[in-house]
Amino acid sequence: MKFPRRRFLRLAAGAAVLPALSRAARAQAYPSRPVRIVVTVAAGGGADITARLIGQWLSERLGQQFIVENRSGGGGNIGTEAVVRARPDGYTLLSVTIANAVNATLYDNLNYNFIRDNAPVSGTIRVANVAYVHPSVPARTIPELIAYTKANPGKINMASAGNGTSSHMAGELFKMMAGVDMVHVPYRGQGPALTDLLGGQVQVMFATTPGTTEYITVGRLRALAVTTAARAEALPDLPTVGDFVPGYESSQWYGVGAPKNTPAEIIDRLNKEINAGLADPNMKARLAVLGGTPLIGSSIDFGKLIADETEKWGKVVRLASIKPE
């Protein structure tokens, strides 16, 4: 059966519109059931709190529960693998952190390739680390810390929340760029490391801001600088490490990812709603308590951040010969 040319063209145009309508309808219908956000660390830390704040915002905006599920272990790899292997339908999301960028090089035999298997959705916040010293250390500035450490090579203990964590990587980058020799002492989490820093068993730590800044005002820790490229809003009087070590920058950051092949319209909708949350004054105030600066941007912007950080920390891991615990 032959169609007149005009009728054929109308039918063809109508058929071309159907996939676009289907995608739009799918985005409007999402979500139709609860969504999981997998956090790869235990409850209570910055990544967990941020994910819960974002989950609450998305629940209110999209009319379905966004439920945080903590799946810690394996340096974050267990929870990450569970998400990248999940069905790509938007109902399983990942709290992405700097650990995902570091682990790409830190671990030799991962069962996934994060750059390939993760679909970036949106960044959420960037958090500064703070260069802290115990009050017994006779240094009040970064140049004084560098001089003191060079005068005492291998005698200064640098705590971290564990191998490959943001506190560890910030410290290793500082050691490399400042040319100093400090002994790395890894702990299982920031809490135990902070306890020993307060007790003087270790002398230096590049700790994240949540849960640490109150020790500055009471004089139990001395803060020398923040690790971000710009001064932190939570600690505006502190200089940056980069003011004294040109080119230095390190930070913890959080975001949201999904399994690869998650429909673009779902990623776009999530990105739009997360960005709306990051611009909301009440949400900004709650995130500021964590020392966080909003990472507003597209999913492409977040993907570039992940790729850049993976390359940067891969070089540090290799040069410092860092191994998993």
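Here, residue 1 is the first one in the sequence, and each next residue gets the next number.
Proximity of I115 to I306: side-chain heavy atoms (C-beta onward) are separated by under 4.5 Å at one or more points. Using a 4.5 Å cut-off on side-chain heavy atoms (C-beta onward), S166 and T208 make contact. No side-chain heavy atom of L287 sits less than 4.5 Å from a side-chain heavy atom of T124. Contact of the E172 side chain with the L319 side chain is not registered, since no non-hydrogen atoms from C-beta on lie closer than 4.5 Å. The side-chain heavy atoms of F302 and V121, taken from C-beta on, include no pair separated by under 4.5 Å. When side chains are defined from C-beta on, P239 counts as touching R231, because their heavy atoms get closer than 4.5 Å. Annotation: side chain of L295 is in contact with side chain of L305 (closest heavy-atom distance under 4.5 Å). L62 has its side chain within reach of P31: a pair of non-hydrogen atoms, C-beta onward, lies under 4.5 Å apart.
Applying the 6.0 Å contact sphere to CZ of R188 captures no more than 12 heavy atoms from other residues, nucleotides or ligands. Within a 6.0 Å radius of CZ in R85, more than 12 heavy atoms belonging to other residues, nucleotides or ligands are found.
Rounded to the nearest 0.5 angstrom, Y30 OH and E265 CD are separated by 11.0 Å. Between atom OG1 of residue T227 and atom CD of residue Q252 there is a gap of 10.0 Å, rounded to the nearest 0.5 Å. Here the straight-line distance linking atom CG of N163 with atom CE of M169 works out to 9.5 Å at 0.5 Å rounding. Summarising the geometry, atom CD belonging to Q56 is positioned 13.5 Å from atom CD1 belonging to I67; distances are rounded to the nearest 0.5 Å. Between the OG atom in S250 and the CE atom in M177 there is a gap of 10.5 Å [rounded to 0.5 Å]. Here the CD-CG distance, from Q65 to L58, works out to 11.0 Å after rounding to the nearest 0.5 Å.
What you find for A128 and V226 is that their closest heavy atoms are CB-CB, 4.2 Å. Among all heavy-atom pairs drawn from A193 and V202, the shortest one is O-CG2, 4.3 Å. Of all heavy-atom pairs between P259 and V84, the closest is CB-O, 4.1 Å. Taking every heavy atom of both residues into account, V183 and G154 meet most closely at CG2-O, 3.4 Å. Minimum interatomic distance between K150 and V180 (heavy atoms only, all atoms of both residues): CG-CG1, 3.9 Å. Contact detail for G303 and P120: the closest heavy-atom pair is CA-CG, 3.5 Å.
A search for side-chain hydrogen bond (donor to acceptor under 3.5 Å, both in side chains) contacts involving T240 returns D243, not counting sequence neighbours. Y254 pairs by the ring-ring contact (aromatic ring centres under 6.0 Å, His included) definition with nothing, not counting sequence neighbours. A139 meets the side-chain contact (heavy atoms from CB on, under 4.5 Å) test with V137, E144, L145; sequence neighbours excluded. Partners of D268 by side-chain hydrogen bond (donor to acceptor under 3.5 Å, both in side chains), not counting sequence neighbours: none found. Annotation: ring-ring contact (aromatic ring centres under 6.0 Å, His included) contacts of F66 (sequence neighbours excluded): none. Residues satisfying the side-chain contact (heavy atoms from CB on, under 4.5 Å) test with A43, not counting sequence neighbours, are D48, R52, N70. A search for side-chain hydrogen bond (donor to acceptor under 3.5 Å, both in side chains) contacts involving E249 returns S251, K312, not counting sequence neighbours. Residues passing the side-chain hydrogen bond (donor to acceptor under 3.5 Å, both in side chains) test with T149: none are found, sequence neighbours excluded. The side-chain contact (heavy atoms from CB on, under 4.5 Å) check on D181 picks up P153, with sequence neighbours excluded.
M182 and F244 fall within the same hydrophobic cluster, defined by Ile, Leu, Val, Met, Phe, Trp and Tyr side-chain heavy atoms under 4.5 Å apart, directly or through other members. Under the 4.5 Å side-chain heavy-atom criterion for grouping Ile, Leu, Val, Met, Phe, Trp and Tyr, M205 is connected to L238 within one hydrophobic cluster. Under the 4.5 Å side-chain heavy-atom criterion for ILVMFWY residues, no single connected hydrophobic cluster contains both Y148 and V185.
Checked against the 6.0 Å centroid criterion, the rings of F174 and F206 qualify as a close aromatic pair.
No donor-acceptor pair closer than 3.5 Å links the side chain of N103 to the backbone N or O of L106. Side-chain atoms of T165 come within 3.5 Å of backbone N or O of G162 as a donor-acceptor pair. Of the possible polar contacts, one joining the T195 side chain to the G191 backbone as a donor-acceptor pair under 3.5 Å is found. For N118 (side chain) and F114 (main-chain N/O), no donor-acceptor pair under 3.5 Å exists by modelled atom type.
For the residue pair T80/N77, the side-chain donor-acceptor check at 3.5 Å is not satisfied.
For the side-chain hydrogen bond (donor to acceptor under 3.5 Å, both in side chains) condition, the pairs that include at least one residue of residues 273-296, sequence neighbours left out, are R61-E273, N271-N275. Counting only residues at least two apart or in different chains, side-chain hydrogen bond (donor to acceptor under 3.5 Å, both in side chains) contacts with residues 196-207 comprise Y187-D196.
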Scan the side chains in residues 89-99 for donor-acceptor partners under 3.5 Å anywhere in the protein, sequence neighbours excluded, and list what turns up.
{"from": "D89", "atom 1": "OD1", "to": "Y91", "atom 2": "N", "distance (Å)": "3.1"}
{"from": "D89", "atom 1": "OD2", "to": "R33", "atom 2": "NH2", "distance (Å)": "3.2"}
{"from": "Y91", "atom 1": "OH", "to": "S32", "atom 2": "N", "distance (Å)": "2.9"}
{"from": "Y91", "atom 1": "OH", "to": "S32", "atom 2": "OG", "distance (Å)": "3.1"}
{"from": "T92", "atom 1": "OG1", "to": "R36", "atom 2": "NH2", "distance (Å)": "3.3"}
{"from": "T97", "atom 1": "OG1", "to": "A99", "atom 2": "N", "distance (Å)": "3.1"}

